[in-house]
Amino acid sequence: MVENRPLLTVISHLILLVGILLIALPIWITFVAATHDEARMLQAPIPMLPGGYFWENFKRTLFGSGLSGTEIAPVWRMLANSLAMAMMISLGKISISLISAFAIVYFKFPFRMGFFWLIFITLMLPVEVRIMPTFQVVANLGMLNSYWGLSIPLIASATATFMFRQVFLTIPDEMLESARIDGASPMRFFWDILIPLSRTNIAALFVILFIYGWNQYLWPLLITTDADMTTIVMSIKQMLEAAEQSPQWNVIMMTALLAMIPPVFVVISMQKLFVQGLTETDK
Amino acid sequence: MLKRVHFPTSVLPYLLVAPQILVTLIFFIWPASQAMYQSMRIEDAFGLSTEFVWFENFQILAEDKQYFETFWRTIIFSACVAFISMSVALFLAGFADRVVRGAMAYRTMLIWPYAVAPVLAGALWVFMFNPTLGIFPYLLEFVGYDWNHYLNGHQAMLLVILAAAWKQVAYNFLFYLAAMQSIPKSVIEASAIDGAGPVRRFRTIILPLVSPTTFFLLVINAVYAFFDTFGIIHAVTQGGPAGATTILVYKVYNDGFVGLDLGGSAAQSVILMILVISMTVIQFRYVEKKVDY
């Protein structure tokens with residue numbers, strides 16, 4: 001602190017607390033809605049304090065049919081789908097980016113820069129701008145309604161490749177020299193030296209990519225028509241649509257809560273890695 | 001770029017880049033070129049034959065008043081989202097930078113909305129503003145204001161802006177706080193000795209020194225508002241009422257998958273691609289030389 005201004009310090013804390021409360025308000029309302037029964041959630045001033053139906057709603061949402069009168073898969077199934085998709089996307093992105101960065105940094109081969117630029121271009125082509133044709137490609141390959149279709153088209157990553165390239169460039173050349181003197185093959189060098197040295201970067205990237213994968217919306221919406229392949233994030237929209245006829249806000253909000261707990265938990269519990277990952281990938 | 005010491009040429013590097021390159025070619029380059037090809041074709045009303053028309057689809061778009069309005073709406077939407085989320089974040093970061101104790105605890109409490117999916121953010125806000133049940137319409141009724149975003153286009157727009165900005169505050173806060181904490185203490189102390197109060201210091205020292213971050217965040221927020229807010233709009237308003245919240249990305253989706261106008265949708269995709277490419281170029285050319293003082 002530069003100077004001692006107790007009043008300003010108190011005001012700073014107050015403003016920050018108000019900011020936190022305002023930011024948390026939507027989540028609080030969601031949580032409260034998930035703790036009441038259906039009838040209470042239909043009366044005009046909705047409650048602002050939690051009720052006693054949390055476990056009942058929890059069990060009904062997670063293991064029951066969820067929203068009654070719809071063809072939505074049970075929530076545990078959707079959570080499993082989301083987990084599979086998020087894991088496949090994040091691990092897929094990390095592994096293919098690691099090996100391509102390794103090739104680009106440690107090998108001299110024709111078209112090296114050509115490959116590098118090709119990967120760079122993917123940065124400029126987000127799913128949103130090539131929706132129709134990508135959908136057609138996936139349909140032609142017979143990958144609709146499968147985990148492969150959900151994850152593989154999203155796993156090319158320019159940012160991850162750049163990040164690993166950056167990390168490898170900071171590893172001293174002597175590492176490679178001594179490894180070669182000791183007779184290590186390229187893949188041996190990769191597994192025994194590069195991977196252990198970039199462990200924290202991999203972890204940081206994993207945190208970011210897990211959230212990215214879990215929160216995918218447009219892509220799963222396009223390529224899954226089978227109720228069994230629905231992801232939890234997608235299901236919210238279907239439930240909101242169903243809510244226009246018969247609102248069961250307690251179930252909808254419980255589902256929303258279940259959908260956001262895994263990524264929020266990841267951010268809060270691995271905050272340091274998360275911050276590192278954000279700042280490394282975006283700059 | 002390349003290591004001074006490297007492995008001899010073999011087939012290995014090709015095998016290593018192969019997965020990434022294959023995915024890129026099949027799911028990025030090929031669809032993108034298909035989009036360009038389709039953008040120059042028009043399908044007849046029954047989908048039986050297509051005709052190559054060069055730039056007619058673009059010409060149709062250029063003359064389409066609705067597309068023009070969508071373009072403008074997207075820009076206004078993005079500007080509002082960026083402005084609201086960045087100013088709230090800057091304001092909070094300014095105070096968090098001041099407090100000695102607990103700055104990191106505050107950070108924890110403020111960054112978690114980053115992890116909430118856009119469509120979930122939309123669901124939370126649409127519930128809070130539900131005209132019959134929501135808490136805010138209920139409160140607004142006391143001051144005599146009638147809220148119904150299903151009917152009122154301006155209210156619908158305001159709602160999606162708020163939901164989109166709410167989610168993005170976390171990200172901006174994180175970057176502003178990091179930028180402020182990396183300003184050398186001696187600079188702040190010197191100005192304090194010269195008699196500058198906290199507000200003056202914030203305006204004349206901190207704000208200019210975080211301006212590279214501001215510029216960087218402006219680009220990131222624009223990209224976010226243009227492309228990542230699809231989920232929010234799809235959940236909250238579906239582009240309505242009467243197209244009042246249809247932004248470019250939503251229109252590509254809607255014209256392609258709902259309206260089945262393949263040529264028109266592809267032409268819009270190509271325009272979006274040009275937009276992303278220019279934003280990426282701006283980001284790399286100007287933002288690269290940034291934040292280190």
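By convention in this document, chain letters (A, B, ...) are assigned in the order of the sequence lines, proteins followed by strands, and residues within each chain are numbered from 1. None of these values were measured; they are calculated from a predicted model.
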Heavy-atom pairs under 4.5 Å with chain A are the metric here; pick the option from [options] that has the most.
options                                : result
B/Leu272, B/Leu133, B/Val276, B/Val23  : B/Leu133
B/Val270, B/Ile21, B/Val88, B/Leu174   : B/Ile21
B/Thr24, B/Asp97, B/Leu22, B/Val223    : B/Thr24
B/Ala32, B/Ser10, B/Pro113, B/Ala96    : B/Ala96
B/Leu275, B/Leu110, B/Val119, B/Ile277 : B/Val119
B/Phe91, B/Tyr138, B/Tyr106, B/Phe227  : B/Tyr106

For [X], is it the side chain, the backbone, both, or neither that has a heavy atom closer than 4.5 Å to a heavy atom of chain A?
X        : result
B/Tyr250 : neither
B/Leu25  : side chain
B/Val169 : side chain
B/Gln20  : both
B/Ser265 : side chain
B/Tyr253 : both
B/Tyr37  : neither
B/Ile135 : both
B/Met273 : both
B/Val126 : side chain
B/Asn130 : side chain

What part of [X] gets closer than 4.5 Å to chain B, counting heavy atoms only: side chain, backbone, both or neither?
X        : result
A/Ser97  : both
A/Phe265 : neither
A/Met234 : neither
A/Met175 : neither
A/Gln136 : side chain
A/Leu221 : side chain
A/Val233 : both
A/Ile211 : side chain

Using a cut-off of under 4.5 Å on heavy-atom pairs, state which of [options] scores highest against chain B.
options                               : result
A/Trp249, A/Phe274, A/Phe190          : A/Trp249
A/Pro186, A/Gly19, A/Ala158           : A/Pro186
A/Pro110, A/Ala259, A/Ala256          : A/Pro110
A/Leu222, A/Val138, A/Thr161, A/Val18 : A/Leu222
A/Leu154, A/Leu118, A/Ile11           : A/Leu118
A/Ile236, A/Leu22, A/Thr134, A/Val267 : A/Thr134

Taking the side chain as C-beta and beyond, is there a heavy-atom pair between [X] and [Y] under 4.5 Å?
X        : Y        : answer
B/Leu124 : A/Ile29  : no
B/Phe27  : A/Ile152 : yes
A/Met187 : B/Leu12  : yes
B/Ser269 : A/Met132 : no

_side-chain contact (heavy atoms from CB on, under 4.5 Å), that's the test. Do B/Arg107 and A/Val275 meet it? Break it down for me._
CA-CA 11 Å; B/Arg107 193 180 75 174; A/Val275 173; 3.8 Å; yes
Report the distance from atom [atom1] of [X] to atom [atom2] of [Y], rounding to the nearest 0.5 Å.
X        : Y        : atom1 : atom2 : value
B/Phe95  : A/Leu14  : CZ    : CG    : 10.5 Å
A/Leu218 : B/Phe230 : CG    : CZ    : 4.5 Å
A/Glu241 : B/Gln238 : CD    : CD    : 6.0 Å
B/Leu16  : A/Ile96  : CG    : CD1   : 12.0 Å
B/Asp228 : A/Tyr217 : CG    : OH    : 14.0 Å
B/Leu92  : A/Ile23  : CG    : CD1   : 7.0 Å

*If every non-hydrogen atom of A/Leu240 is compared with every non-hydrogen atom of B/Ala235, which pair is closest and at what distance?*
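It is CD1-O, 3.8 Å.
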*A/Asn215 to B/Ala115 - nearest heavy-atom pair and separation*: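 For A/Asn215 versus B/Ala115, the nearest heavy atoms are ND2-O, 3.0 Å.
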For [X], look at atom [atom1] and say whether over 12 heavy atoms of other residues, nucleotides or ligands are found less than 6.0 Å away.
X        : atom1 : value
A/Met270 : CE    : yes
B/Glu141 : CD    : no
A/Trp28  : CH2   : yes
B/Tyr150 : OH    : yes

*Would B/Phe127 and A/Ile252 satisfy side-chain contact (heavy atoms from CB on, under 4.5 Å), going step by step from the backbone distance to the final call?*
CA-CA 10 Å; B/Phe127 178 58; A/Ile252 300 177; over 6 Å; no
*Test B/Arg98 against every option in A/Ile15, A/Thr9, A/Leu16 by the side-chain contact (heavy atoms from CB on, under 4.5 Å) rule and name the one that passes.*
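Result: among A/Ile15, A/Thr9, A/Leu16, A/Thr9 is the only option passing the side-chain contact (heavy atoms from CB on, under 4.5 Å) with B/Arg98.
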*What class does the angle between the rings of B/Tyr14 and A/Phe115 fall in, given that below 30° is parallel, 30 to 60° is tilted and above 60° is perpendicular?*
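Perpendicular, since the angle between the ring planes exceeds 60°.
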*Parallel, tilted or perpendicular: rings of A/Phe135 and B/Phe257 (30°, 60°)*: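 Ring orientation of B/Phe257 relative to A/Phe135: perpendicular.
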*Start with the C-alpha distance between B/Ile26 and A/Val137, add both sets of side-chain angles, then the distance that settles side-chain contact (heavy atoms from CB on, under 4.5 Å), and finish with yes or no.*
CA-CA 8 Å; B/Ile26 298 173; A/Val137 169; 3.9 Å; yes
